[in-house]
Amino acid sequence: MVRRMTAVLEISGLRKTYRSRKGVRNALDGFDMVVEAGQVHGFLGPNGSGKTTTLRTLLGLIRPNDGRMAILGQEVPRRLPQVAGQVGAIVESPQFFGNFTAKDTLSLLADAGNVNRSRVPAVLDLVGLRDRAGERVKTYSLGMKQRLAVASALLKEPKLLILDEPANGLDPGGIREMRTLMRDLSASGMTVLLSSHILGEIQLICDSVTIISAGRRVTSGSVAEVLASHTSGAVRVRLEQGGDLFGAAQVLREAGAQVTLEADYMVVGNASNPALITRLLAQRGVYVSELTPIAADLEDVFLELTGTAPVEGQNRQVDESALGAGRNGWGQ
Amino acid sequence: MSLAKAESRRLFKRRFTSLILIGVMLVLALVAAGTFLSNQKATPERIAEAKAQAAASFQSAVQEAEREKKRCLAAPGTPDAANYPADCTQMWTPTPEEFDYTWYMPPTFDMRQNFPDMIMVFAVVLAAAAFLVGASFVGSEWHSGGMMNLLLWRPRRLQVLGTKLTVFLGWFTGLTLLLGAAWAGAFQAIALLRGSTEKMTAGVWQSFGLTGLRGLGLILAAGAIGFALASLGRHTGMALGALIGVGAVQIGVFIMAQLGGAAYPEAYLGPLWAYAWMVKEVPLENMSSCDFSANGGCKPEIFTMTWQVAGTGFAIVTVLVVGAALWALRRRDIS
């Protein structure tokens, strides 16, 4: 039986163009994204790829040039006032009036949003600011402001929580607390859209991801699917005791493989058909004792898809990213 | 309603609002105290004292005039003759009318005559405060990111800005009425203790009330313009910068108008419009319409700036600036 999920957030064909004297820049170029209910969805992309523009557009702060967006089944921005009460969001760095205390800041937001002020102590406690709630926000560290921002987003008990870089400025303990909080919120039925550059965190927390580059979606799906569909294709090859590692590498290179030699093993980088390795080496009387696929992590996938992996001797500029680099396997 | 409640709380939680309001009350208290201390009631004893001083001055002047007349009569044929007229009977002889006792009275606060000036002081102080508080109320919210946060909670831009402006103007109206009543009461007391409340008819109070209402209009216009300018520039400094810029441009235009021979260069000065609005009319003279020295007594052309003209001008500027702020908020991307 196929479990049908409900989309809490849908974006399709979203376009945003900025015009200036220097020319036209497409911040979003037909971007698509779907976030299913109850999931923690990671939203990844290099700097300047359009993540924050997407979130701002979704939340009615920026007017799109084209495209369709819906939150909780309601078309936005047209119906945004109707769903805003069910969406908690922080966009980019936390921004608050510095002379108010955290408690005042949240109680004013509660008043503005028709939320009971009794929620304020609860959310301050939840993000660990209970004992500092009476201090002015300008005395807070970045991490504390980030916690306050998360508290403000949670104040209205949203169905959809949108967090842009929530781990910014948090100490390791804070990052772990944030991770636990995300999981708890998701477990309680809340859908979380999480934009972050800490890919390890995303891989640990998120059920699904969307990767954006140059204003377009380059991949999306569950974390497992994305990793599976973008495995590195590399395998670690170890030879039996006394095997000629150098000679074996030569054999594979002559056949077109990308081989990296290590101390007691070699890595074949583009081995889409590992059986070919064993066959080629066996034909030369060299036998393999280990043939292990090297699993890609989210960082590898991200760097590959966005074309933002560092290249020695080159200084990559922020706008230099790719729309899904092509993949060519050896031995297919 | 909840947004209005939140904005009311926000307005009065702001330290800047408290500081400005304390400053306003301090300035007003100083003006009232200064008026109280520098005026005295015209008691019969003081009047008698002043009359005695006037009589003494008259006697002294008579004696001096007689001494001068004697010197004049003795002057012909001496080098001193040049200092006196040929006919010594034409020399000035003091008369009692020239020594009015009222000149020897200490200042006294005449409610009917002096209170309109005090309404003007009140309106100018409150208008400056309204401009600053209005600009800061929205400017610092934009600058700190609080406005963006608020828009995430209430994604109706015009409603948010409109509510903010309405709440701010509503509170300033209440504050102006409250302080205005206290101001009138304070000067009524000053007039009773250190001056006079003669001829204070119902019509005079009505006239004060109308002047006060025009003052309220000035205060609200200043507040709305400060608010709208800061919202346009998303920073309190934008309103202050615009104020300084407009002031500098006005001075430049005034100088250019004078150099260019414009008929009424003063008409290009904003404060004159505010003054005309408050005092109902200000006559402006075209000094180049006739040559005084050649024709003597020629009356210059006069343009009377009325409160209706000034009020229309202020209303147009206020509507344009507030309209621009609302239009910009509706159109702009918020980043």
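Chain naming here is simple, since letters A, B, ... match the order of the sequence lines and numbering starts at 1 in each.
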Six-ring centre of Y140(A), K138(A) cation under 6.0 angstrom, axis tolerance 45° | no
Side chain, backbone, both or neither: which part of R9(B) has an atom under 4.5 Å from a heavy atom of chain A?
-> both
Report yes or no: do S12(A) and D32(A) form a side-chain donor-acceptor pair below 3.5 Å?
-> no
Per-residue contact mode, K156(A) against chain B (heavy atom under 4.5 angstrom) | both
Against chain A, label R156(B) side chain, backbone, both or neither, depending on which of its atoms sit under 4.5 Å from a heavy atom there.
-> side chain
Y275(B) atom OH, neighbour heavy-atom count above 12 within 6.0 Å | no
Mind listing the closest non-hydrogen atom pair of N149(B) and Q95(A) along with its distance?
-> ND2-O, 2.9 Å
Of the listed T105(A), L155(A), I90(A), the one with the largest count of heavy-atom pairs under 4.5 Å with chain B is L155(A)
Hey, is R78(A) close enough to E75(A) for a salt bridge, meaning N to O under 4.0 Å?
-> no
For chain B, find which of N114(A), L109(A), L59(A) contributes the most heavy-atom pairs closer than 4.5 angstrom.
-> L109(A)
Is it possible for you to check whether K164(B) lies under 6.0 Å from the centre of the six-membered ring of F137(B), through NZ or CZ, and within 45° of that ring's axis?
-> yes
Interface residue of largest heavy-atom contact number with chain B, from V137(A), D104(A), V87(A), V115(A), under 4.5 Å = D104(A)
Heavy-atom pairs under 4.5 Å with chain B are the metric here; pick the option from P81(A), G60(A), G113(A) that has the most.
-> P81(A)
Supply the atom-to-atom distance F100(A) CZ to L106(A) CG, rounded to the nearest 0.5 angstrom.
-> 12.5 Å
Cut-off 4.5 Å, heavy atoms of chain A, and the answer for R14(B) is both
Sort Q82(A) into side chain, backbone, both or neither according to what part of it lies under 4.5 angstrom from a heavy atom of chain B.
-> side chain
Honestly, the part of R63(A) sitting under 4.5 Å from a heavy atom of chain B is both
